[in-house]
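The structure appears right after this line, and notes come after that.
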Amino acid sequence: MAIGLIANAWFVWTTDARLERQLAEIRAAGDPLTLADLARPPIPPEKNAATYLRQADADVKAIEAKIFNKDYFDGWGKQWSSENRLPSEGVKSVKAAMDAHPQAIPLLKQAAACEDYDAELDYSAAPAQLIAQLLPVAQGFRCYARVLEFRTHLLLAEGNYDEAAKNSLILFQISRLFNRNPMIVSYLVATTIRGIATNSLNRVLQIGPVSKDVRAALDAEISIQERMAGFDGYGWMITSERALALDLLQTFPDRNFWFVSRGVWNRRESAVLDWFGGWLEIAKDSSPYCQTEKAIHRLSEQVPTLDLPLLPAKIWGEPVDLLPATQAAHNAITRSRAMIRCLRVLNALQAHVPAGSNEIPKLTELGLPAETITDPFTGDPLHVKKTPQGWVVYSVGPNFQDDGGKVDDPTNGDVGIGPPPAAKAAKQ
């Protein structure tokens, strides 16, 4: 019994020491250790984008409800889906909905112009309660994105290309706001909104000319989005998700029981921190996906396990469930990074190549950073094609094979942008 007690004391002491060293490193880096650490100092209401989003919320939802009514589902919505452009009935419907709530768009613009955003969530709540607070916020942002997307289509139908491009900028800025919320769920929603903005802006650039000043503003915002698709957004996602996992680990009833259990959980918590540390290293690594794939596979094989007999093989709960979500997030991040880079290249191509010219300049001649013109999947240059309908800029995607730039075909591996069907119809 004495030997057992001494062995237990040594086990707890050594695992305590290692865990504390890991936690100290996280503190020194200024990263959160608990969900409570995610709380921020109050922002003056007039500087907080959330103030204007709350004011816009009812009107935006009303616009969405007016658009997605019986006429949409039984009539012009089907035509819009098949032709990929807003038909005349859709123009009337969207315009009427927007005109009925004139304050919605100005408030969204005011929110997008704010430099800071805090949803003012209660970070002292239990993990499940915090996530429950976050989900309605996410739904609200998806609604803002849908309404702004329809406004882009409306402006395009009216031939107001500069204003349509500016509207897409608001979409990008809205995605940045939501990216300030913590955890993987927020990052995936922000990535989805960024994808909507990318497709909207690609449509604008492919269909109509935009002014030089607007094009410069587009390049500035897309460069920020490129960073958000990299460590600026990815790192925040991992560090905040790690804080959630650490809080969840403290909820196990035998976490701090002094005999055996505490040492075992110390080891498991250390393993979880190692695991998140591995994902952070991947987030910091700007190497292409083909080079980080092995590290990702290794992490998928290193999900923390319990190595005592008669106990579950893996930690029950969030740290294990997090694996597929983290892998999905990394795949989404790489695709988003590819799309953003392709969009920035398209903007530069149109600025450098005269309208009607079939010249395809070298990517190095566009004045863009070397990273921007690089395929994030392979590390090779992005691919560019000029078709009668417009530019196609693409990455070879996760299969690492050039499938000819068929970016509108979801079954192939290419990831990028090209002229939408609406642009083809307009030119014909």
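- Looking at heavy atoms from C-beta onward, Leu382 lies in side-chain contact with Cys342 at the 4.5 angstrom threshold.
- The CG atom of Leu19 sits 4.5 Å away from the CD atom of Glu269 when rounded to the nearest 0.5 Å.
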Problem - salt bridge (charged side-chain N to carboxylate O under 4.0 Å, His left out) between Lys61 and Asp57, worked out - result: CA-CA 6 Å; Lys61 289 178 179 175; Asp57 197 60; 3.0 Å; yes

Practice task
List the steps and the verdict of salt bridge (charged side-chain N to carboxylate O under 4.0 Å, His left out) for Glu221 and Arg194.
Solution key: CA-CA 12 Å; Glu221 177 61 36; Arg194 186 184 300 117; over 6 Å; no

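- Proximity of Met339 to Asn202: side-chain heavy atoms (C-beta onward) are nowhere separated by under 4.5 Å.
- Side-chain contact between Val384 and Leu363 is present, with at least one heavy-atom pair separated by less than 4.5 Å.
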Problem - Steps toward side-chain hydrogen bond (donor to acceptor under 3.5 Å, both in side chains) verdict (Arg267, Thr15) - result: CA-CA 6 Å; Arg267 289 181 63 178; Thr15 55; over 6 Å; no

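- Phe172 is linked by a ring-ring contact (aromatic ring centres under 6.0 Å, His included) to nothing, counting only residues two or more places apart in sequence or in another chain.
- The one candidate from Arg227, Arg337, Lys284 that meets the salt bridge (Lys or Arg N to Asp or Glu O under 4.0 Å) condition with Asp232 is Arg227.
- Judged by distance alone, the side chains of Glu149 and Asn199 never bring a donor and an acceptor atom under 3.5 Å apart.
- Within the 3.5 Å criterion, the main-chain N or O of Ala216 finds no donor-acceptor partner in the side chain of Asp219.
- No option in Val407, Leu349, Leu343 other than Leu349 meets the side-chain contact (heavy atoms from CB on, under 4.5 Å) test with Val393.
- With hydrogens and angles disregarded, no donor-acceptor distance shorter than 3.5 Å links the side chain of Asp403 to the backbone of Lys406.
- Rounded to the nearest 0.5 angstrom, Asp99 CG and Lys92 NZ are separated by 14.0 Å.
- Residues Tyr123 and Thr34 are not in side-chain contact: their nearest non-hydrogen atoms beyond the backbone lie 4.5 Å or more apart.
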Practice task
Carefully, step by step, assess Gln206 and Leu346 under the rule side-chain contact (heavy atoms from CB on, under 4.5 Å).
Solution key: CA-CA 9 Å; Gln206 299 273 11; Leu346 171 65; 3.9 Å; yes

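- Between Phe68 and Phe150, the ring center distance clears the sub-6.0 Å criterion.
- Remark: Leu38 CG to Leu35 CG distance equals 5.5 Å, nearest 0.5 Å.
- The aromatic rings of Tyr117 and Phe141 stand perpendicular to each other, their planes meeting at an angle above 60°, with 30° marking the opposite boundary.
- Residues Lys78 and Phe73 form no side-chain contact, since every pair of their non-hydrogen atoms from C-beta on lies 4.5 Å or further apart.
- With contacts defined as side-chain heavy-atom distances shorter than 4.5 Å, the pair Ile131/Val185 does not qualify.
- With hydrogens and angles disregarded, no donor-acceptor distance shorter than 3.5 Å links the side chain of Thr374 to the backbone of Pro376.
- Atom-to-atom distance recorded for Asn347:CG and His352:NE2 is 10.5 Å, nearest 0.5 angstrom.
- In this structure a side-chain-to-backbone donor-acceptor pair under 3.5 Å is missing from Gln103 to Asp59.
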Exercise for the section: Just do the side-chain hydrogen bond (donor to acceptor under 3.5 Å, both in side chains) check on Asp31 and Thr239 with the steps written out, would you? Expected result: CA-CA 7 Å; Asp31 292 337; Thr239 55; 5.0 Å; no

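- Annotation for Arg335: atom CZ does not count as buried by contact number, only 12 or fewer foreign heavy atoms lying within 6.0 Å.
- Residues Ile222 and Leu201 have side chains in contact (heavy-atom distance under 4.5 Å, counting atoms from C-beta outward).
- In Glu365, the CD atom is crowded: over 12 heavy atoms of neighbouring residues, nucleotides or ligands sit closer than 6.0 Å.
- Neither side chain, Glu46 nor Thr51, offers a donor N or O lying under 3.5 Å from an acceptor on the other.
- Across all their heavy atoms, Tyr52 and Gln110 have their closest contact at CE2-NE2, 3.3 Å.
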Problem - Candidate pair Ile373 and Val345, rule side-chain contact (heavy atoms from CB on, under 4.5 Å), full reasoning - result: CA-CA 7 Å; Ile373 60 176; Val345 168; 4.2 Å; yes

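- Surrounding NZ of Lys386 are more than 12 heavy atoms belonging to other residues, nucleotides or ligands, all under 6.0 Å away.
- Distance CZ/Arg151 to CD1/Ile170: 6.0 Å, rounded to 0.5 Å.
- A donor-acceptor pair under 3.5 Å links the side-chain atoms of Asn48 to the main chain of Asp118, judged by distance alone.
- Judged by distance alone, the side chains of Ser124 and Asp122 do bring a donor and an acceptor atom under 3.5 Å apart.
- Under 4.0 Å is where a charged nitrogen must lie from a carboxylate oxygen, and between Glu64 and Arg142 no such pair does.
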Exercise for the section: Verify salt bridge (charged side-chain N to carboxylate O under 4.0 Å, His left out) between Glu226 and Arg344, making sure each step is shown before the conclusion. Expected result: CA-CA 9 Å; Glu226 195 173 350; Arg344 195 174 182 192; 3.3 Å; yes

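- The side-chain heavy atoms of Pro288 and Thr378, taken from C-beta on, include no pair separated by under 4.5 Å.
- With rounding to the nearest 0.5 Å, the separation of CZ in Arg341 from CG in Asp375 is 8.5 Å.
- Side-chain atoms of Gln22 come within 3.5 Å of backbone N or O of Ser270 as a donor-acceptor pair.
- Of the possible polar contacts, one joining the Ser240 side chain to the Trp236 backbone as a donor-acceptor pair under 3.5 Å is found.
- Checking side-chain atoms of Gln350 against main-chain N and O of Leu205 turns up a donor-acceptor pair under 3.5 Å.
- Residue Phe377 comes nearest to Ser395 through the heavy atom pair CD1-OG, 3.1 Å, listed as atom of the first residue, atom of the second, then distance.
- For Asp414 (side chain) and Gly405 (main-chain N/O), a donor-acceptor pair under 3.5 Å exists by modelled atom type.
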Exercise for the section: For Asn167 and Thr152, run side-chain hydrogen bond (donor to acceptor under 3.5 Å, both in side chains): C-alpha distance rounded to whole Å, both residues' side-chain angles, the deciding distance at 0.1 Å, then the answer. Expected result: CA-CA 6 Å; Asn167 191 70; Thr152 298; 2.7 Å; yes

Practice task
Could you please spell out the steps behind the salt bridge (charged side-chain N to carboxylate O under 4.0 Å, His left out) verdict for Lys212 and Asp162?
Solution key: CA-CA 10 Å; Lys212 184 177 179 181; Asp162 268 9; over 6 Å; no

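- Side-chain N/O atoms of Asn266 and Asp16 include a donor and acceptor closer than 3.5 Å.
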Exercise for the section: Kindly determine whether Leu244 and Leu130 satisfy side-chain contact (heavy atoms from CB on, under 4.5 Å), including the steps that lead there. Expected result: CA-CA 10 Å; Leu244 170 66; Leu130 178 62; 5.9 Å; no

Handout entry: Residue pair Phe400, Tyr289: steps toward the side-chain contact (heavy atoms from CB on, under 4.5 Å) verdict
Key = CA-CA 9 Å; Phe400 310 134; Tyr289 187 88; 3.8 Å; yes

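- Asn181 and Ser186 form no side-chain donor-acceptor contact under 3.5 Å, judged by distance and modelled atom types alone.
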